[in-house]
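Note that this is a predicted model, so its numbers are computed, not measured.
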Amino acid sequence: MRLALFDLDHTLIPIDSDHAWGQFTVTLGWRDAETHTRANDAFYEQYKAGTLDIHEYIRFSVAPLAEHGVARCDAAHRRFMDEVIRPAMKPQAMELVRRHQAAGDTVIVVTATNAFVTRPIAEAFGVPELIAIDLERDAQGNPTGAIRGTPSFREGKVARVEQWLSERGLDWSRVEHSTFYSDSINDLPLLDKVHEPVATNPDARLSAIAAERGWRILNLFE
């Protein structure tokens, strides 16, 4: 097996889908603009700094899903895809994914954003395999605010890829070659694990590490 792993936000798309979804819920009138934007921006800065408490953030970010129900949220997400995500999907990112698929690689989107937000985005890229944060849901299918299983965040991305492999009777030793594209210092554990780490649209700290270690740097959206 050959793996091509992709982070999503600021890697395959030049925006943060989780932050953008939060702001989109403000435009829907689901949240107070000033209060939500202040908190959303603060969490985003914590993410970039590598200090984010993922459990606290998920409780905050999924609250509208529980309040408005599955059907209404699914309809809102379809609008979100049309109005925010599809315009941000660049041909060069689509082509990169297609090249790996054409080479026979198994392509997986591995993201710290929750699966509700990211499943339709991965599908829009033509990628059926998604490793994302899974949300715990109640009997009605509404998120409780808790994370189900291991969050695909920092070291959790390595654990979740290993879980994906194990579910198929595989482990890292059975992977002939693995590539991981990411922009974020938060993804250093998985970048260190794969055969070919690619710092993609990297933040300043990851760019410095990539240069020091001789990793390929790809500026996909220049």
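Heavy atoms only, all atoms of each residue included: A112 and K157 are closest at N-CE, 3.8 Å. Scanning all heavy atoms of the two residues, the minimum distance from A210 to A199 falls at CB-CB, 3.7 Å. Nearest heavy atom pair, residue P197 against residue L191, reads CB-O, 3.4 Å. Across every non-hydrogen atom of H55 and I147, the tightest pair is ND1-CD1, 3.6 Å. Of all non-hydrogen atoms in M81 and P87, the two that sit nearest each other are O-CD, 4.1 Å. Minimum heavy-atom separation, T113 to A132: O-CB, 3.3 Å.
Taking the side chain as every heavy atom from C-beta outward, L130 and I108 never approach each other to under 4.5 Å. Proximity of S61 to N40: side-chain heavy atoms (C-beta onward) are nowhere separated by under 4.5 Å. Residues D171 and S166 have side chains not in contact (no heavy-atom distance under 4.5 Å, counting atoms from C-beta outward). In this structure, the side chains of R137 and L135 come closer than 4.5 Å at one or more pairs of heavy atoms. Inter-residue side-chain proximity for V84 and W21 is flagged as unmet; no heavy-atom pair is nearer than 4.5 Å. Using a 4.5 Å cut-off on side-chain heavy atoms (C-beta onward), T25 and F80 make no contact.
For the pair R168 and W164, the cation-pi criterion (under 6.0 Å, within 45° of the ring axis) is fulfilled.
The side-chain contact (heavy atoms from CB on, under 4.5 Å) test with S17 singles out one residue from T111, L12, N114, D9, and that residue is D9. A side-chain contact (heavy atoms from CB on, under 4.5 Å) with V194 is found for exactly one of T179, L3, L5, namely L5.
The list of side chain to side chain donor-acceptor pair (under 3.5 Å) pairs with a residue in residues 206-215, not counting sequence neighbours, reads D192-R213.
Using modelled atom types, no side-chain atom of T37 and backbone atom of E34 make a donor-acceptor pair closer than 3.5 Å. A donor-acceptor pair under 3.5 Å links the side-chain atoms of R205 to the main chain of A49, judged by distance alone. Here the side chain of H177 pairs no donor or acceptor atom with the backbone of H195 at under 3.5 angstrom. R174 places no side-chain N or O within donor-acceptor distance of the main-chain N or O of M1, the cut-off being under 3.5 Å. Of the possible donor and acceptor atoms, none in the side chain of N186 sits under 3.5 Å from a partner among the backbone N and O of R154. Under the 3.5 Å distance criterion, the side-chain polar atoms of D138 are left unmatched by any main-chain donor or acceptor of T144.
L28 CG to H68 NE2: the interatomic distance, rounded to the nearest 0.5 Å, is 8.0 Å. To the nearest 0.5 angstrom, R38 atom CZ is 12.5 Å from F43 atom CZ. Separation of atoms CG (L65) and SG (C73) is listed at 4.5 Å; rounding is to 0.5 Å. Separating the CD1 atom in I85 from the CG atom in D82 is a distance of 10.5 Å, to the nearest 0.5 Å. Separating the CD atom in Q92 from the CG atom in L218 is a distance of 9.5 Å, to the nearest 0.5 Å. Taking CH2 of W30 as the reference point, atom CD of E67 lies at 9.5 Å (rounded to 0.5 Å).
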What do the steps show when you test V62 against F116 for side-chain contact (heavy atoms from CB on, under 4.5 Å), and what is the final call? CA-CA 9 Å; V62 306; F116 167 80; over 6 Å; no
Residue pair R59, D53: steps toward the salt bridge (charged side-chain N to carboxylate O under 4.0 Å, His left out) verdict: CA-CA 10 Å; R59 284 192 294 272; D53 181 330; 5.3 Å; no
Begin with the C-alpha distance, continue with both residues' side-chain angles, and end with the deciding distance and a verdict on ring pair (Phe, Tyr, Trp, His ring centres under 6.0 Å) for H100 and Y181. CA-CA 12 Å; H100 278 284; Y181 297 85; 5.5 Å; yes
Is there a side-chain contact (heavy atoms from CB on, under 4.5 Å) between V127 and E123? Walk through the geometry before answering. CA-CA 5 Å; V127 179; E123 290 173 351; over 6 Å; no
Does H77 form a side-chain contact (heavy atoms from CB on, under 4.5 Å) with D74? I'd like the steps, not just the answer. CA-CA 5 Å; H77 197 288; D74 285 346; 5.6 Å; no
Please evaluate residues E196 and F180 with respect to the criterion side-chain contact (heavy atoms from CB on, under 4.5 Å), reporting the C-alpha separation (whole Å), side-chain torsions for both, the decisive distance (0.1 Å), and the verdict. CA-CA 7 Å; E196 184 181 354; F180 180 40; over 6 Å; no
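No single ILVMFWY cluster, assembled from side-chain heavy atoms under 4.5 Å apart, contains both V110 and L8. Residue L206 is not grouped with residue I15 when hydrophobic side chains (ILVMFWY) are merged at heavy-atom distances under 4.5 angstrom, including chains of intermediate members. Taking hydrophobic clusters as Ile, Leu, Val, Met, Phe, Trp and Tyr residues chained together by side-chain heavy-atom distances below 4.5 Å, Y47 shares a cluster with V109. Criterion: ILVMFWY side-chain heavy atoms under 4.5 Å apart, direct or through other members. Under it, F24 and I58 are part of a common hydrophobic cluster. Linking ILVMFWY residues whenever their side-chain heavy atoms come closer than 4.5 Å, directly or via other members, leaves V175 and V107 in distinct clusters.
In this structure, R78 has no salt bridge (Lys or Arg N to Asp or Glu O under 4.0 Å) partners at least two apart in sequence or on a different chain. With sequence neighbours excluded, the residues forming a side-chain contact (heavy atoms from CB on, under 4.5 Å) with M94 are M89, R98, F125, listed by chain and number. The side chain to side chain donor-acceptor pair (under 3.5 Å) search around T106 returns none, not counting sequence neighbours. In this structure S182 satisfies the side chain to side chain donor-acceptor pair (under 3.5 Å) test together with D187, sequence neighbours excluded. Evaluation of the side-chain contact (heavy atoms from CB on, under 4.5 Å) rule for K48 yields Y44, E45 as partners, not counting sequence neighbours.
For the residue pair D183 and H10, no side-chain donor N or O sits within less than 3.5 Å of a side-chain acceptor on the partner. No hydrogens or angles considered: a donor-acceptor pair under 3.5 Å links the side chains of D41 and H19. Using a 3.5 Å distance cut-off with no hydrogens or angles, the side chains of W172 and E162 do pair a donor with an acceptor. Side-chain contact, T51 with Q46: no donor N or O sits under 3.5 Å from an acceptor N or O.
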